[in-house]
Amino acid sequence: MARLNIDKEVAQMRQMTVGQLREKYAGVFGESTNARNKQWLVKRIAWRMQANEEGDLSERARRRALEIANDADLRMTPPRPPKTFTGSDDRTITKKLKVQPTRELLPGTTLRRVYKGRAVMVTVLKDGFEWEGERYRSLTAVAKAVTGKHWNGFHFFGLRNGGKS
């Protein structure tokens, strides 16, 4: 009979995607999970695999754990299923608005961007921008000072396309 090498198993699980870990969780626990936290899934699966291999808690340890546990913290009912709305499309009214996008920034606004592990904080002034005590006429000039290369300032700070750049 092959012994469980938990270190090897954990190393393999760290290479898996969250979806693969959820499948493995279902196989080990016999039920699915809503969890998407990779580190938590790896720990829980490793714990269960060890428990299955080496045996679970002794009856004495189980009784002691029940004495310590506060029943008020335990969920006694399963979570409710999400509410579904039927006919919501009939009640929804969609209207097109004529709003023009603007690139105008209000003075006092602080723009933040992490560039190569360094936080870049720029303050919008009435007549320009300030970064590290220096004043600049445009965001492009700030981006060039930060990177040493030509960047469009709005693109560099993620202000194009509604912040989706």
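Here Y136 pairs with nothing under the ring pair (Phe, Tyr, Trp, His ring centres under 6.0 Å) rule; sequence neighbours left out. Partners of R48 according to the salt bridge (charged side-chain N to carboxylate O under 4.0 Å, His left out) rule, which considers only residues two or more places apart in sequence or in another chain, do not exist here.
Hydrophobic clustering of Ile, Leu, Val, Met, Phe, Trp and Tyr side chains at less than 4.5 Å, counting indirect connections, unites V28 with L4. Two different hydrophobic clusters hold V120 and L125 under the rule that ILVMFWY side chains link at heavy-atom gaps under 4.5 Å.
Within the structure, every pair that satisfies the salt bridge (charged side-chain N to carboxylate O under 4.0 Å, His left out) test and touches residues 9-35, not counting sequence neighbours, is listed here: E9-K24. The ring pair (Phe, Tyr, Trp, His ring centres under 6.0 Å) pairs that include a residue from residues 21-55 are Y25-F29, where partners are two or more places apart or lie in different chains. Contacts classified as salt bridge (charged side-chain N to carboxylate O under 4.0 Å, His left out) and involving residues 123-142 (residues at least two apart or in different chains) are given here: R118-E132, D127-R135.
In this structure, CZ on R60 lies 9.5 Å from CZ on R64, to the nearest 0.5 angstrom. Note that CD of Q20 and CD of Q15 are 10.5 Å apart. Values are rounded to the nearest 0.5 Å. Between the CD atom in Q12 and the CG atom in N5 there is a gap of 9.0 Å [rounded to 0.5 Å]. Residue K43 holds its NZ atom at 8.5 Å from CG of N37, rounded to the nearest 0.5 Å.
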Using atom types as modelled, flag every donor-acceptor pair under 3.5 Å from a side chain in residues 109-116 to any protein atom, sequence neighbours excluded.
residue, atom, partner, partner atom, Å
T109, OG1, L106, O, 2.7
R113, NH1, F156, O, 2.6

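A 4.5 Å side-chain heavy-atom check between V124 and F129 finds at least one atom pair inside the cut-off. At least one side-chain heavy atom of M13 sits less than 4.5 Å from a side-chain heavy atom of V10. Between L159 and L105 the shortest side-chain heavy-atom distance falls below 4.5 Å.
Judged purely by atom type and a 3.5 angstrom limit, S32 has no side-chain atom pairing as donor or acceptor with the backbone of A26.
Nearest heavy-atom pair across A143 and G153 is CB-CA, 4.3 Å.
The environment of NZ in K144 is sparse: at most 12 heavy-atom neighbours from other residues, nucleotides or ligands sit within 6.0 Å. Taking a 6.0 Å sphere around CD of E54, one finds it holds more than 12 heavy atoms contributed by other residues, nucleotides or ligands.
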